[in-house]
Amino acid sequence: MQRIRLRYTKRGRLRFTSHRDFQRAFERALRRAEVPMAYSAGFTPHPKVSYANAAPTGTGSEAEYLEIALTEARDPERLRLLLDESMPAGLDIVEAVDARTSGLADRLTASVWELRLDGVDSADAERAVAAFNAAPAVEVQRRTKNGVRTFDARSAVAHLESVTTPGSPADRPTDRPCAILRLVVRHVTPAVRPDDVLSGLRAVADLAPPVPAAVTRLAQGLFDEETGAVTDPLAPDREAEAPEPQPAAASAVAKASA
């Protein structure tokens with residue numbers, strides 16, 4: 001059984017699709033592309049697809065991951081192209097690798113987010129960021145199915161800054177003032193989401209964008225405590241790829257020179 005890991009995006013209007021919407025679109029793409037999927041056992045077999053840490057509905061993303069299991073071997077890049085052609089524009093399959101290591105979900109320990117705050121002056125955003133970073137704790141509230149929950153949003157934020165230019169295509173270009181925030185958030189329990197950080201900025205500095213923020217996940221992966229970087233979670237699979245076999249003549253020369 002072959003396992004392939006895919007990276008996909010949620011861009012433009014498709015950022016408003018829910019995770020369930022994506023699942024339906026992806027399973028249709030699997031059928032259209034005639035992918036030889038492995039299925040679960042039981043009364044209601046379903047394709048073996050493992051989703052990892054999907055972004056919240058309403059947020060864009062350049063770094064969503066999933067893994068599929070196949071009954072027949074396929075070239076990852078060829079499979080990626082077939083699936084991408086079968087997906088709606090905006091839900092793009094951008095990378096595929098053979099799963100040669102274990103624990104993809106364990107390597108998703110942090111995310112890099114970009115927040116576009118239309119109507120917010122950069123100077124106001126910088127003052128709010130400074131206040132948030134200086135605070136030892138920033139308590140926010142979120143309504144859950146069990147009621148309102150209070151938790152610290154500051155402890156999960158490894159880095160927060162105001163930047164001058166966006167790192168991804170703007171979802172809503174405008175002539176009005178616009179502040180861009182970049183943050184690295186650890187994946188902790190309870191999960192701290194970008195909207196929780198916005199709530200924290202409002203609590204410590206009264207920063208309240210006049211329109212909802214456009215939120216995009218730029219990357220997710222293993223958080224390096226020493227450098228503060230978020231590493232590519234598919235890199236170990238690429239590094240573990242088997243070396244290409246040498247031609248017989250080249251092998252003979254190599255042995256003779258040894």
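Nothing here was measured: the structure is a model prediction, and the numbers come from that model.
We find that R11 and E62 are joined by a salt bridge, their nearest charged nitrogen and carboxylate oxygen being less than 4.0 Å apart. Between E161 and R182 no salt bridge is recorded (no basic side-chain N to carboxylate O distance below 4.0 Å). For R116 and E114, the salt-bridge test fails: no basic side-chain N is under 4.0 Å from an acidic carboxylate O. Between D237 and R107 there is a salt bridge, with a side-chain nitrogen of the basic residue lying less than 4.0 Å from a carboxylate oxygen of the acidic one. Taking the charged nitrogens against the carboxylate oxygens, R100 and D98 do have a contact shorter than 4.0 Å, which makes a salt bridge. Between D196 and R142 a salt bridge is recorded (basic side-chain N to carboxylate O distance below 4.0 Å).
Under a hydrophobic-cluster definition in which Ile, Leu, Val, Met, Phe, Trp and Tyr are linked whenever side-chain heavy atoms come within less than 4.5 Å, directly or via other members, V185 and L108 are assigned to different clusters. Under a hydrophobic-cluster definition in which Ile, Leu, Val, Met, Phe, Trp and Tyr are linked whenever side-chain heavy atoms come within less than 4.5 Å, directly or via other members, L91 and V215 are assigned to different clusters. W113 and V138 fall within the same hydrophobic cluster, where Ile, Leu, Val, Met, Phe, Trp and Tyr residues are linked whenever their side-chain heavy atoms come under 4.5 Å apart, directly or through other members. Neither L81 nor L6 shares a network with the other; the hydrophobic side chains, linked directly or stepwise wherever heavy atoms of I, L, V, M, F, W or Y lie under 4.5 Å apart, form separate groups for each. Linking Ile, Leu, Val, Met, Phe, Trp and Tyr whenever their side-chain heavy atoms come within less than 4.5 Å puts V157 and V204 in one cluster.
Heavy-atom minimum distance, P136 versus R154: O-CG, 4.1 Å. Taking all atoms of both residues into account, the shortest heavy-atom contact from L117 to P209 is CD2-CG, 4.0 Å. The shortest non-hydrogen separation linking V192 to A153 is CG1-O, 4.0 Å. Residues I4 and A96 share a closest heavy-atom pair of CG2-CB, 4.2 Å. For the pair A69 and M1, the tightest heavy-atom approach, listed with the atom from each and the gap, is CB-SD, 3.6 Å.
Put simply, CZ on R149 and CD on Q141 are 12.5 Å apart, with the number rounded to the nearest 0.5 Å. The distance from the OG1 atom of T17 to the CZ atom of F22 is 8.5 Å, given to the nearest 0.5 Å. Separating the OG1 atom in T44 from the NE2 atom in H46 is a distance of 7.0 Å, to the nearest 0.5 Å. Here the CE-CG distance, from M87 to D92, works out to 8.5 Å after rounding to the nearest 0.5 Å. If you take CG on L66 and OH on Y51, they are separated by 6.0 Å, rounding to the nearest 0.5 Å. Note: E239 CD to D232 CG = 9.0 Å, rounded to the nearest 0.5 Å.
Using a 4.5 Å heavy-atom cutoff, the side chains of R15 and T59 are not in contact. Within the 4.5 Å cutoff, the side chain of K48 has no heavy atoms near those of the R3 side chain.
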Practice item. Take E64 and R217 through the salt bridge (Lys or Arg N to Asp or Glu O under 4.0 Å) test and state the conclusion after the steps. Key: CA-CA 9 Å; E64 302 297 289; R217 172 147 59 190; 2.8 Å; yes
**Study point:** Verdict with supporting geometry, L201 and L181, side chain to side chain contact (heavy atoms under 4.5 Å, CB included)
**Key:** CA-CA 11 Å; L201 291 170; L181 303 184; 3.6 Å; yes
Point to revise | From CA spacing to verdict: side chain to side chain contact (heavy atoms under 4.5 Å, CB included), L82, V35 | key: CA-CA 9 Å; L82 290 172; V35 178; over 6 Å; no
Exercise for review: Run the numbers on L222 and V230 for side chain to side chain contact (heavy atoms under 4.5 Å, CB included), then give the verdict.
Suggested key: CA-CA 5 Å; L222 191 66; V230 176; over 6 Å; no
Practice item. Go through Y65 and N53 one step at a time and tell me if the side chain to side chain contact (heavy atoms under 4.5 Å, CB included) criterion holds. Key: CA-CA 8 Å; Y65 295 93; N53 197 40; over 6 Å; no
Practice item. Check step by step if salt bridge (Lys or Arg N to Asp or Glu O under 4.0 Å) holds for E225 and R186. Key: CA-CA 11 Å; E225 294 286 350; R186 297 182 183 88; 3.6 Å; yes
Review point. Taking it one step at a time, do H19 and T57 satisfy side-chain hydrogen bond (donor to acceptor under 3.5 Å, both in side chains)?
Key: CA-CA 7 Å; H19 183 55; T57 301; over 6 Å; no
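E34 is linked by a salt bridge (Lys or Arg N to Asp or Glu O under 4.0 Å) to nothing, counting only residues two or more places apart in sequence or in another chain.
Residue F43 belongs to no hydrophobic cluster, having no ILVMFWY side-chain heavy atom closer than 4.5 Å to its own.
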